[in-house]
Amino acid sequence: MEDTIITFIGTSACTPEAFHDTASFVINSKYLVDAGWCAPLKMLQYNLSPLNIEYLFITHCHPDHYIGLPHLIFYLAMKRKERKIQSPLKIVGPAADIQLVVKRAKSFLQVERFPGADYVCEVIPIVPGESFEVEEFRLDTCKTKHNVEGLCYKFTDKRTGVTFAFTGDTAYHPPIAQLVKHCSLLIHEASHGPNASRSEPEAVHSGALDAARIAKMAEVERLALIHCPEHLRKESLKVAKEIFPATFCPLEGQTIVLKSDDKL
């Protein structure tokens, strides 16, 4: 049976340091999760072709998670003759904002003035709690705790049966644990490093402690901490492992293979 393959092309916080990028990864070489500052270039750096991307999943519409969208559209437009996929780029994201973000990405490229810079996109708005399913995968969602509408996604690879989840940006939010129960992997943000979420109601990001608590509550197999400042990675990993030992901080360019027998 085939495996589910995840390659991290960015793991850093909102404003990444040199040679890094904000949180973004590719599933099975053809599904991109969030579009960081340099998403197409980072894919190429790690031997992934942007031309193979069929779906882009946006967790929420803050600039560091879609800033690479104009780059991706422009790359596909410039390389359209080399792209074997004839269907549009499908963009899944929060219903509150995703259509506007795609529209403005194209406005930035001035596609009315430069039609050759445009690439056809199909926008698929998702309301938190909704599901989306095609032949190869299923997405289930819940709302995150952030200051714009956000989606935590549970991704089921129908080829392998593997299920894993990714939160996007969120403060500590127990309903996430219900959605991701028993997943093979939870990819959770840790913007606050080794610390916990700030006090209510202002909390909009998690720390490693929060991510570990969710992972333990959800009884997932492994926890990956991303969207963490580079200088706080080591300490964040230490405090998370005290609560949830099966925690790791992926490196950019690192590939994780989830096998069908990894499931609980």
Side-chain angles (χ1 to χ4, degrees), residues 5-80 82-85 87-94 97-109 111 117-124 126 137 139 148 150-151 153 155 164 166-169 187 189 191 224-230 250-256:
I5 300 173
I6 303 167
T7 300
F8 293 91
I9 62 172
T11 60
S12 292
C14 176
T15 51
E17 298 176 12
F19 309 111
H20 294 281
D21 204 350
T22 193
S24 183
F25 56 92
V26 177
I27 307 167
N28 295 338
S29 299
K30 56 186 178 180
Y31 311 129
L32 174 63
V33 178
D34 286 335
W37 293 57
C38 304
L41 294 179
K42 296 296 283 187
M43 278 186 271
L44 292 169
Q45 180 179 343
Y46 300 125
N47 298 313
L48 294 165
S49 174
L51 298 177
N52 293 334
I53 298 300
E54 299 177 12
Y55 282 84
L56 168 61
F57 307 134
I58 299 288
T59 58
H60 66 289
C61 293
H62 272 156
D64 56 314
H65 293 262
Y66 68 76
I67 197 169
L69 178 56
H71 309 164
L72 179 60
I73 293 172
F74 186 65
Y75 187 94
L76 296 181
M78 293 296 98
K79 296 275 191 175
R80 70 177 79 243
E82 300 175 35
R83 182 168 160 91
K84 297 179 181 179
I85 303 166
S87 58
L89 172 66
K90 299 176 180 66
I91 303 174
V92 180
D97 299 308
I98 192 63
Q99 289 172 315
L100 180 61
V101 162
V102 175
K103 179 180 178 181
R104 289 187 173 170
K106 293 195 172 195
S107 294
F108 173 76
L109 293 170
V111 296
D118 195 10
Y119 193 83
V120 178
C121 299
E122 178 185 339
V123 181
I124 303 168
I126 299 290
F137 66 84
L139 293 174
V148 295
L151 298 170
Y153 291 94
F155 181 96
F164 75 98
F166 41 98
T167 65
D169 288 2
I187 302 172
E189 75 122 312
S191 297
L225 299 178
I226 63 171
H227 212 277
C228 180
E230 293 296 320
L251 299 173
E252 293 183 7
Q254 183 175 352
T255 293
I256 306 297

Original post:
Do His62 and Val148 touch side chain to side chain, with heavy atoms closer than 4.5 Å?
Top reply: yes
**OP:** Check whether any side-chain heavy atom of His71 lies under 4.5 Å from a side-chain heavy atom of Ile73, and answer yes or no.
**Re:** no
**OP:** Give a yes or no on whether Arg80 atom CZ has more than 12 heavy-atom contacts from other residues, nucleotides or ligands under 6.0 Å away.
**Re:** yes
Subject >> Minimal non-hydrogen separation, Leu56 against Leu89, with atom names >> reply: N-CD1, 4.5 Å
Subject >> Residues Lys42, Glu252: salt bridge by 4.0 Å N-O rule >> reply: yes
Subject >> Expected output: side-chain Asp118 to main-chain Val111 donor-acceptor under 3.5 Å >> reply: no
Original post:
How close do Pro40 and Gly68 get, heavy atom to heavy atom, and via which atoms?
Top reply: CD-O, 4.3 Å
Subject >> Polar contact flag, side-chain donor to acceptor under 3.5 angstrom, Thr22-Ser12 >> reply: no
**OP:** Given side chain to side chain contact (heavy atoms under 4.5 Å, CB included), test Leu51 with Tyr75 step by step and report yes or no.
**Re:** CA-CA 8 Å; Leu51 298 177; Tyr75 187 94; 3.9 Å; yes
Original post:
Do the side chains of Ile126 and Ile124 get nearer than 4.5 Å, heavy atoms only?
Top reply: yes
Subject >> Check: Met43 and Leu32 side chains under 4.5 Å, non-hydrogen atoms >> reply: yes
**OP:** Find out whether Glu122 and Ile91 are in side-chain contact, i.e. whether some heavy atom of one side chain is under 4.5 Å from a heavy atom of the other.
**Re:** no
Original post:
Ile27 and Phe164: side chain to side chain contact (heavy atoms under 4.5 Å, CB included), yes or no, with the steps?
Top reply: CA-CA 11 Å; Ile27 307 167; Phe164 75 98; 3.5 Å; yes
Original post:
Could you walk me through whether His65 and Ser24 pass the side chain to side chain contact (heavy atoms under 4.5 Å, CB included) check?
Top reply: CA-CA 8 Å; His65 293 262; Ser24 183; over 6 Å; no
**OP:** Considering non-hydrogen atoms only, spot the tightest contact between Ala35 and Ile58 and give its length.
**Re:** N-CD1, 4.3 Å
Subject >> Closest non-hydrogen atom pair between Cys14 and Asp64, with its separation >> reply: CA-OD2, 3.6 Å
Subject >> Heavy-atom donor-acceptor pair, Asp21 side chain to Trp37 backbone, under 3.5 Å >> reply: yes
Original post:
Can you check whether Tyr66 reaches Thr59 side chain to side chain, under 4.5 Å on heavy atoms?
Top reply: no
**OP:** Give a yes or no on this: more than 12 heavy atoms of other residues, nucleotides or ligands lie within 6.0 Å of atom CZ of Phe108.
**Re:** no
Original post:
Can you find a pair of side-chain heavy atoms, one from Lys106 and one from Cys121, that are under 4.5 Å apart?
Top reply: yes
Original post:
Yes or no on side chain to side chain contact (heavy atoms under 4.5 Å, CB included) for Cys228 and Thr11, after CA distance, side-chain angles and deciding distance?
Top reply: CA-CA 7 Å; Cys228 180; Thr11 60; over 6 Å; no
**OP:** Report the distance from atom OG of Ser191 to atom CG of Asp169, rounding to the nearest 0.5 Å.
**Re:** 5.0 Å
Subject >> Straight-line distance of Lys90 NZ to Phe57 CZ, nearest 0.5 Å >> reply: 10.5 Å
Original post:
Roughly how far, to the nearest 0.5 Å, is CD1 of Ile187 from CD of Glu189?
Top reply: 13.0 Å
**OP:** Flag the pair Tyr55 / Phe137 as yes when their ring centroid distance falls below 6.0 Å, and as no otherwise.
**Re:** yes
Subject >> Which atom of Gly93 lies closest to which atom of Tyr153, heavy atoms considered >> reply: CA-OH, 3.7 Å
**OP:** Answer yes if the side chains of His60 and Asp34 hold a donor-acceptor pair under 3.5 Å, and no otherwise.
**Re:** no
Subject >> Residue of the set Ile53, Val26, Thr255 for which side chain to side chain contact (heavy atoms under 4.5 Å, CB included) holds with Leu48 >> reply: Val26
Original post:
Taking atom OH of Tyr119 as the centre, does the number of heavy atoms from other residues, nucleotides or ligands within less than 6.0 Å exceed 12?
Top reply: yes
**OP:** Give the ring-plane orientation class for Phe8 versus Phe25, where under 30° counts as parallel, over 60° as perpendicular and anything between as tilted.
**Re:** tilted
Subject >> Gap separating the CG atom of Leu151 from the CZ atom of Phe166, nearest 0.5 angstrom >> reply: 9.5 Å
Original post:
Heavy-atom distance under 4.5 Å between the side chains of Leu69 and Val102, does that happen here?
Top reply: yes
Subject >> Contact summary for Gln254 and Ile256, nearest pair of heavy atoms >> reply: NE2-CD1, 3.5 Å
